[in-house]
Amino acid sequence: QVQLVESGGGSVQTGGSLRLSCKASRSGFMSSNRCMGWFRQASGKEREGVAAIDIGDSTSYTNPVSRFTISRDNAKDTLYLQMNNLNPGDTAMYYCAADRGYMPFGWLLLHERYNYWGQGTQVTVSS
């Protein structure tokens, strides 16, 4: 069973930046034509999509004018989320997720479409 391990979270002040990473435990996992995404869940709120990338490396963001950038390095089996100009509203647990393969573009930010999940990394932004 593959594991996804997130890292890079932490505490920053408003306007700061963080780069999250998600590494798969199995070599070749990300080169197996998988859609992958970043999701977040704030305390007392539903899990929501943040950014996702499909098997053709097309990206989707919840906010079209995004402060975030998703990318992947299949050779390193690692997914990234660069987050800039953070604000307190970005405070949440951030999770990476992967699917078994192709999914329609419109599904990319739907958490229920993903089968593999990491344990999460906490991001806290103070004002």
Side-chain angles (χ1 to χ4, degrees):
Q1 180 77 3
V2 68
Q3 290 184 323
L4 302 178
V5 180
E6 301 97 335
S7 61
S11 297
V12 296
Q13 292 188 326
T14 295
S17 298
L18 286 172
R19 188 193 194 202
L20 306 184
S21 299
C22 170
K23 185 165 176 60
S25 61
R26 190 170 74 208
S27 178
F29 179 82
M30 290 195 185
S31 63
S32 302
N33 295 323
R34 298 186 189 277
C35 297
M36 301 200 67
W38 285 98
F39 297 81
R40 68 186 183 186
Q41 188 165 15
S43 180
K45 294 188 176 181
E46 297 280 325
R47 187 169 297 192
E48 64 175 359
V50 175
I53 185 166
D54 73 6
I55 60 175
D57 286 344
S58 293
T59 56
S60 178
Y61 297 92
T62 295
N63 186 346
V65 185
S66 185
R67 296 171 286 116
F68 300 165
T69 303
I70 189 172
S71 62
R72 64 197 293 172
D73 186 336
N74 289 344
K76 295 182 179 179
D77 288 299
T78 303
L79 180 74
Y80 302 99
L81 184 68
Q82 177 67 44
M83 305 189 295
N84 298 324
N85 196 21
L86 288 161
N87 61 63
D90 297 315
T91 295
M93 185 72 79
Y94 283 70
Y95 301 90
C96 74
D99 189 41
R100 293 194 182 98
Y102 168 81
M103 74 170 77
F105 191 80
W107 291 5
L108 285 174
L109 292 172
L110 301 178
H111 65 85
E112 60 268 27
R113 298 297 179 181
Y114 289 81
N115 298 285
Y116 301 94
W117 289 87
Q119 294 299 306
T121 185
Q122 178 68 37
V123 172
T124 302
V125 185
S126 58
S127 58

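All values reported here derive from a predicted model rather than from experimental measurement. When reading the values below, keep in mind they use all heavy atoms of this one structure, side chains included, and skip hydrogens, waters and symmetry mates.
- Scored by the ring-ring contact (aromatic ring centres under 6.0 Å, His included) test, Tyr116 finds Phe29 as partners (sequence neighbours excluded).
- Cluster membership for Ile70 and Tyr114, using ILVMFWY side-chain heavy atoms within less than 4.5 angstrom, is not shared.
- Although no hydrogens or angles enter the test, the distance criterion places no donor-acceptor pair under 3.5 Å between the side chain of Asn74 and the main chain of Asp77.
- When every heavy atom of Phe68 is checked against every heavy atom of Tyr61, the shortest pair comes out as O-CE2, 3.1 Å.
- Note: the hydrophobic cluster containing Leu108 does not contain Met36 (ILVMFWY, side chain heavy atoms under 4.5 Å, direct or indirect links).
- No side-chain donor-acceptor contact under 3.5 Å links Thr124 to the backbone of Thr91.
- Between the side chain of Glu6 and the backbone N or O of Leu20, no donor-acceptor pair lies under 3.5 Å.
- Between the side chain of Thr62 and the main chain of Gly49, a donor-acceptor pair closer than 3.5 Å is present.
- Within the 3.5 Å criterion, the main-chain N or O of His111 finds no donor-acceptor partner in the side chain of Arg47.
- Taking all atoms of both residues into account, the shortest heavy-atom contact from Arg40 to Glu48 is NE-OE2, 2.6 Å.
- Nearest heavy atom pair, residue Gln82 against residue Ser17, reads NE2-CB, 4.0 Å.
- Remark: side-chain polar atoms of Trp107 are not paired, donor with acceptor, to backbone N or O of Glu112 under 3.5 angstrom.
- Between the side chains of Thr14 and Asn87, not a single donor N or O lies within less than 3.5 Å of an accepting N or O.
- In terms of heavy atoms, Leu4 sits closest to Cys96 at CB-SG, 3.7 Å.
- A donor-acceptor pair is defined here as one N or O able to donate and one able to accept, closer than 3.5 Å; such a pair exists between the side chain of Arg67 and the backbone of Asn85.
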